[in-house]
Amino acid sequence: MTDSIIEPRAVSGFPEWLPEEEAEFQRLLGIVKKGFETFGFAPIETPAAELLEVLASKGEINKQIYTLARPNAAEEERETDMALHFDLTVPLARYVAMNFDKLSFPFRRYQIQKVWRGERPQKGRFREFYQCDIDVIGHESLDPLNDAEIPAVIYGIFTKMQIGAFVIRVSNRKILQGILLEFATPAEIAMEALRIVDRLPKIGADAVQHDLETGCGLPSELAAHIIEIAGISGRGADVMERLEKNNHSHPLYLEGAEELKLLVTNLAALGVPDDAFEVDLSITRGLDYYTGTVYETFLRDYSQLGSICSGGRYDNLASHFTTQHLPGVGISIGLTRLFSNLLDAGIVKPSAKSPSKVLVSVMDRARLKDYFSAATELRHAGIPTEVFLENKRFKAQIKYADKKGIPLVLIAGETEFATGTWLLKDMRNGIQTSISRKELVTCVSSLL
RNA sequence: GUGGGUAUAGCUCAGCUUGGUUAGAGCGCCAGAUUGUGGCUCUGGAGGUCGAGGGUUCGAGUCCCUUUACCCACCCCA
């Protein structure tokens, strides 16, 4: 045996958590899952790998896509056409196109899976991370009411997470697009202009004005007007009022305003309070497949964390895979990034290191069967229980419960066996109570 | 891809400017004080090729060069 050990190193950008952190992550994951299902979204899972051809359906192969390879495979059996999915939208498009005849529309699905991107990792940016997606896919058409319901899903989830005040910001790309088209801006230029406007909060009005003029060739008056409109934000009703005072008449503009109004007027009934919602016309999202409503969600006290959930409406999900017309609307929560930020900020705290609620200590190894049957009773009652199996002093057993965050310790030695009255110690306050062996489950339950 | 920074104990870091006995601290870990009781305290202990390679020097954790890794920011995004 060689005495050289390989220095253990994890791949940068591929995060992993300690048990007490992972438990918290799983708790949040459960909230997301429940939140999605509460709105009738059905879970699906697609493979980690797709054919490169499928992932590259939008034209070029994204620089950030990882392919799969077997470095030791013989030359002739090397597969180079498999790649890890980069998001969940393209796999969804493929899935819907393939199963079109078996799915019922509108199709409401959620998908919580890891995705992989070849990025340079840094704080809050990973190469492997969880995306939690919901989408509603319509066939031929999808009512704008679907757009209105999405904020309610988001609101429900982040409220349950108890991660502080947050705000869902919503806009509709058709509004700015309509204005640009009204002034005869070519479609591609309009698209580019929206991308620039998206950076308004980040780089400021002057920089955007400059970029719109020099980058897109917009007349300075139009650029200024776009910035003015994009600068509108606030309570839904107030923004709608301001928009109605504008005299724009382009059909796209009117459509966008109408859709936004539908969303705004239904929020209260859908359970989204005013203080968690804002219309912000500067939100356009850089991605060009969004065609109408767009969403971004921020924590009020930690806006520097960036958007914790975003998405929007698109015209046609799977135009590369089918001739069926499939409009949709969806959002994605980047749970890994959110979780890692929440941990750093101390908004979520690591939980206990073990799910165990009871540690059965073993004082007398000759009575093992008594300890095991007590544990079995507790387990049958659904109470996570472990028995201390190592041959160590009692002190070490108590210490173990303390370190693992196990709240209750069941104790029985010579005296207890003699009287049939065991001890139950509550580690949280140090209080130790004598309990009848027969009432074990009842007593434990009442302390949990 | 562009620009900065860091690398010393399991973890967080000091030591480097002004090179010089056995390289330190806090936390964590193990043991004991208390052989049926954790957290607090005290005592003791284990644990380091000072990222790697080369150079300068009588002598390098410290100075110089190379290299690798990681971190942060930009771009973009979740």
Side-chain angles (χ1 to χ4, degrees), chain A residues 3-5 7-15 18 32 62-65 85-89 111-134 154 195-196 198-199 202-203 284-290 294-299 304-312 330-342 344 353 359 361-365 367 388 391-418 422-434:
Chain A
D3 55 1
S4 72
I5 58 168
E7 188 195 350
R9 297 190 307 132
V11 180
S12 169
F14 289 66
L18 293 171
V32 173
N62 190 308
K63 273 194 300 191
Q64 298 184 334
I65 287 177
H85 58 222
F86 161 90
D87 63 17
L88 300 176
T89 307
Q111 211 169 335
I112 300 175
Q113 285 181 242
K114 284 179 174 173
V115 305
W116 293 270
R117 295 187 187 177
E119 302 229 28
R120 179 158 295 188
Q122 56 182 269
K123 195 185 181 70
R125 164 179 296 187
F126 301 96
R127 297 196 281 185
E128 174 181 83
F129 58 94
Y130 275 95
Q131 279 199 328
C132 312
D133 277 31
I134 50 168
I154 302 173
R195 226 191 309 271
I196 292 169
D198 191 49
R199 308 181 64 212
K202 206 168 191 175
I203 63 175
T284 67
R285 313 242 40 230
L287 302 172
D288 49 8
Y289 60 84
Y290 290 120
V294 282
Y295 314 92
E296 296 209 318
T297 304
F298 295 86
L299 293 182
Q304 73 279 5
L305 298 191
S307 172
I308 60 173
C309 166
S310 47
I331 49 131
S332 178
I333 304 172
L335 197 62
T336 303
R337 168 185 276 187
L338 175 61
F339 177 69
S340 116
N341 281 329
L342 291 175
D344 286 351
K353 293 179 180 180
L359 176 73
S361 65
V362 174
M363 277 184 160
D364 181 358
R365 294 208 132 211
R367 305 294 294 253
F388 197 92
N391 191 3
K392 285 195 179 165
R393 292 161 43 184
F394 182 63
K395 183 189 175 77
Q397 307 193 20
I398 287 280
K399 199 167 180 170
Y400 174 83
D402 180 45
K403 283 199 306 184
K404 284 277 183 87
I406 303 172
L408 300 175
V409 179
L410 187 60
I411 303 165
E414 205 177 333
T415 6
E416 287 74 24
F417 285 120
W422 290 22
L423 290 175
L424 190 57
K425 175 164 182 146
D426 190 329
M427 298 296 289
R428 294 163 295 192
N429 51 25
I431 294 172
Q432 213 161 261
T433 45
S434 290

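Atoms considered below: every heavy atom in the structure, side chains included; atoms not considered: hydrogens, waters and symmetry mates. By convention in this document, chain letters (A, B, ...) are assigned in the order of the sequence lines, proteins followed by strands, and residues within each chain are numbered from 1.
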>> Once pairs are restricted to Watson-Crick or G-U wobble with both distances under 3.5 Å, how does RNA chain B read as a dot-bracket string, [ ] for crossings and | for other-strand pairs?
In response: (((((((..((((......[...)))).(((((.......))))).....(((((..]....))))))))))))....

> Checking all strands, does Gln64(A) fall into the base, sugar-phosphate, or nothing category for heavy-atom contacts under 4.0 angstrom?
Replying inline: nothing

> Looking at residues at least two apart in the chain, or sitting in another chain, which of them share a ring pair (Phe, Tyr, Trp, His ring centres under 6.0 Å) with Phe339(A)?
Replying inline: Trp17(A), Phe25(A)

>> From CG of Asp133(A) over to P of A78(B), roughly how many Å is that when rounded to an integer?
In response: 9 Å

> At what distance, to the nearest 0.5 angstrom, does NZ of Lys123(A) lie from OG of Ser340(A)?
Replying inline: 7.5 Å

>> From CD1 of Ile203(A) over to P of C74(B), roughly how many Å is that when rounded to an integer?
In response: 13 Å

>> If I take atom CG in residue Leu305(A) and atom C1' in nucleotide C77(B), what distance separates them, rounded to the nearest angstrom?
In response: 15 Å

>> If I pick the P atom on C16(B) and the same atom on G51(B), what distance separates them, to the nearest angstrom?
In response: 16 Å

> Does A78(B) have Phe126(A) stacked on its base, where the ring centres are within less than 5.5 Å and the planes differ by under 30°?
Replying inline: no

> Once you round to the nearest 0.5 Å, how far does CZ of Arg127(A) lie from OG of Ser12(A)?
Replying inline: 5.5 Å

> When the distance from NZ of Lys353(A) to P of G28(B) is rounded to whole Å, what number comes out?
Replying inline: 10 Å

>> Say we look at C77(B) and U12(B): how far apart would their P atoms be, to the nearest angstrom?
In response: 33 Å

>> Can a donor-acceptor pair be found, under 3.5 Å and without considering hydrogens, that links the side chain of Gln432(A) to the backbone of Asp426(A)?
In response: no

> Within 45° of the axis and under 6.0 Å from the centre of the six-membered ring of Phe86(A), does NZ or CZ of Arg117(A) qualify?
Replying inline: yes

>> With rounding to the closest Å, how many angstrom separate the P atoms on U18(B) and U62(B)?
In response: 15 Å

> Atom CD1 of Ile333(A) and atom CD1 of Ile154(A): how far apart are they, to the nearest 0.5 Å?
Replying inline: 7.5 Å

> With a 3.5 Å cut-off and just heavy-atom distances, do the side chain of Arg125(A) and the base of A78(B) make a donor-acceptor pair?
Replying inline: no

> Has the side chain of Arg117(A) got a donor or acceptor that lies under 3.5 Å from a partner of the other kind on the base of C77(B)?
Replying inline: no

> Taking protein heavy atoms under 4.0 Å as touching, what does nucleotides 67-73 of chain B look like 5' to 3' if B marks base contact, S marks sugar-phosphate-only contact and - marks none?
Replying inline: --SSSSB

> Roughly how far apart, to the nearest Å, are A46(B) and C30(B) at atom P?
Replying inline: 16 Å

>> Measuring only the P atom in each nucleotide, how far is C29(B) from G10(B)? A whole number of Å is fine.
In response: 15 Å

> When the ring centroid of Trp422(A) is compared with that of Phe417(A), is the distance short of 6.0 Å?
Replying inline: yes

> Which residues pass the salt bridge (Lys or Arg N to Asp or Glu O under 4.0 Å) test with Glu416(A), sequence neighbours left out?
Replying inline: none

>> Rounding to an integer number of angstrom, what distance separates G26(B) and C63(B) when you compare their C1' atoms?
In response: 30 Å

> If you measure from the P atom in A60(B) to the same atom in U17(B), how many Å do you get, rounded?
Replying inline: 15 Å

> Does the His85(A) side chain pair with the main chain of Ile65(A), one donor and one acceptor, at a distance under 3.5 Å?
Replying inline: no

> When rounded to the nearest 0.5 angstrom, what distance separates CD1 in Ile308(A) from OG1 in Thr297(A)?
Replying inline: 6.0 Å

> What string of B, S and - do you get for nucleotides 33-43 of chain B, 5' to 3', if B is base contact, S is sugar-phosphate-only contact and - is no contact with any protein heavy atom under 4.0 Å?
Replying inline: -B-BBBB----

>> For the P atoms, the ones on G59(B) and on U2(B), what distance do you get once it is rounded to whole angstrom?
In response: 40 Å

> Expressed in angstrom and rounded to an integer, what is the separation of Arg199(A) atom CZ from C74(B) atom P?
Replying inline: 10 Å

> Between Glu119(A) and Arg125(A), is there a side-chain N and carboxylate O pair less than 4.0 Å apart?
Replying inline: yes

Can I get a per-line list of side-chain donor-acceptor pairs under 3.5 Å for residues 398-415 of chain A, giving both atom names and the distance, sequence neighbours left out?
from      : atom 1 : to        : atom 2 : distance (Å)
Tyr400(A) : OH     : Glu386(A) : OE1    : 3.0
Tyr400(A) : OH     : Lys404(A) : NZ     : 2.8

